[in-house]
Peer 1: 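Please see the structure below; I have some questions.
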Amino acid sequence: MRFDPKQQRKLETERRRGWIVYLLYAARPKPLDFASLMNLLDARNFPLSCRRLSEELDFLRSAGLLRVFPVGADNALDEVAQAKLIERYYDSDGELNDDYCAKITTRGTNFQDDHFNETGVMRVN
């Protein structure tokens, strides 16, 4: 079976998102800082720029599979604050890798435990 380039990009994106969820699932209950997440993805042959990581995190955040926050935060951020954090990271060109974290949500855990499927994300194990 042969895929066209557009289909291949779609599958690669879905698999990359699945790896992000899986890595956060494996790290739970602790969060992963963005630098560690990028290094773990790179080790699995999914190197990402800060901009690309931002795009994937924003997609997964909007799907409710993860939350993002500054390292050392004491309070949960609302949806708008999380979106702004990802936007700042997108514009930082990697300077904020160690300043921000991501953590899987209960919905993300349920996804990884195969309780439901999410469009745009491929479950990996």
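Only heavy atoms go into these numbers, but all of them, side chains included; no hydrogens, no water, no symmetry mates.
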Peer 1: Identify the heavy atoms of Phe34 and Leu57 that sit nearest to each other, and give their distance.
Peer 2: CZ-CD1, 3.6 Å
Peer 1: In Å and rounded to the nearest 0.5 Å, what is the OG to OH distance from Ser54 to Tyr100?
Peer 2: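 One finds 10.0 Å between OG of Ser54 and OH of Tyr100.
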Peer 1: Say you draw a straight line from CD of Gln8 to CD of Glu12; how long is it, rounded to the nearest 0.5 Å?
Peer 2: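 Separation between the atoms: 9.0 Å.
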Peer 1: Taking only residues at least two apart or on different chains, which pairs with a member in residues 58-75 satisfy side chain to side chain donor-acceptor pair (under 3.5 Å)?
Peer 2: Asp58-Arg61, Arg61-Glu79
Peer 1: Hey, are the side chains of Arg44 and Leu23 touching, using non-hydrogen atoms and a 4.5 Å cut-off?
Peer 2: yes
Peer 1: Working to the nearest 0.5 Å, report the span between CG of Leu60 and CZ of Arg16.
Peer 2: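 One finds 11.0 Å between CG of Leu60 and CZ of Arg16.
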Peer 1: Do Tyr90 and Leu85 belong together in a cluster built from hydrophobic side chains that touch within less than 4.5 Å?
Peer 2: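 No, it is not one cluster - the side chains of Tyr90 and Leu85 are not joined through contacts under 4.5 Å.
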Peer 1: Which atom names give the shortest non-hydrogen contact between Phe69 and Pro31, and what distance separates them?
Peer 2: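 Smallest interatomic distance, heavy atoms only, reads CZ-CB, 3.5 Å.
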Peer 1: Can you give me the closest heavy-atom contact between Pro70 and Leu77, atom names plus distance?
Peer 2: CD-CD1, 3.6 Å
Peer 1: When you look at Glu14 and Lys10, which way does the salt bridge (charged side-chain N to carboxylate O under 4.0 Å, His left out) test go after all the steps?
Peer 2: CA-CA 6 Å; Glu14 289 175 357; Lys10 179 180 177 282; 2.9 Å; yes
Peer 1: If a pair satisfies salt bridge (Lys or Arg N to Asp or Glu O under 4.0 Å) and one of its residues is in residues 107-121, list it, with sequence neighbours excluded.
Peer 2: Arg107-Glu118, Asp114-Arg123
Peer 1: Measure the CE-CG distance between Met38 and Leu32 for me, rounded to the nearest 0.5 Å.
Peer 2: 13.0 Å
Peer 1: For Pro29, does its backbone N or O pair with a side-chain atom of Lys103 as donor and acceptor, under 3.5 Å?
Peer 2: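 Checked: pair present.
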Peer 1: State, with a plain yes or no, whether a side-chain heavy atom of Phe111 is found less than 4.5 Å away from one of Ile104.
Peer 2: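 Side-chain contact under 4.5 Å: no.
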Peer 1: Measure across Thr119 and Phe59 and return the closest heavy-atom pair with its distance rounded to 0.1 Å.
Peer 2: O-CZ, 3.6 Å
Peer 1: Apply the test side-chain contact (heavy atoms from CB on, under 4.5 Å) to residues Glu56 and Thr13: give CA-CA distance (whole Å), side-chain angles for both, the deciding distance (0.1 Å), then the verdict.
Peer 2: CA-CA 8 Å; Glu56 303 305 355; Thr13 297; 3.7 Å; yes
Peer 1: Find the distance between CG (Leu48) and CD1 (Ile20) and round it off to the nearest 0.5 Å.
Peer 2: 6.0 Å
Peer 1: Take a 6.0 Å sphere around OH of Tyr22 and say whether it holds more than 12 heavy atoms from other residues, nucleotides or ligands.
Peer 2: no
Peer 1: Of all heavy-atom pairs between Asp42 and Pro47, which one has the smallest distance, and what is that distance?
Peer 2: OD1-CB, 3.3 Å
Peer 1: How close do Ala102 and Leu24 get, counting heavy atoms only, and between which atoms?
Peer 2: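 Result for this residue pair: O-CD2, 3.4 Å.
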Peer 1: Under the side-chain contact (heavy atoms from CB on, under 4.5 Å) rule, what do Asn125 and Gln112 come out as? Steps first, then yes or no, please.
Peer 2: CA-CA 8 Å; Asn125 292 315; Gln112 190 61 37; 3.1 Å; yes
Peer 1: Between CG of Leu66 and OH of Tyr25, what distance do you get to the nearest 0.5 Å?
Peer 2: 15.5 Å
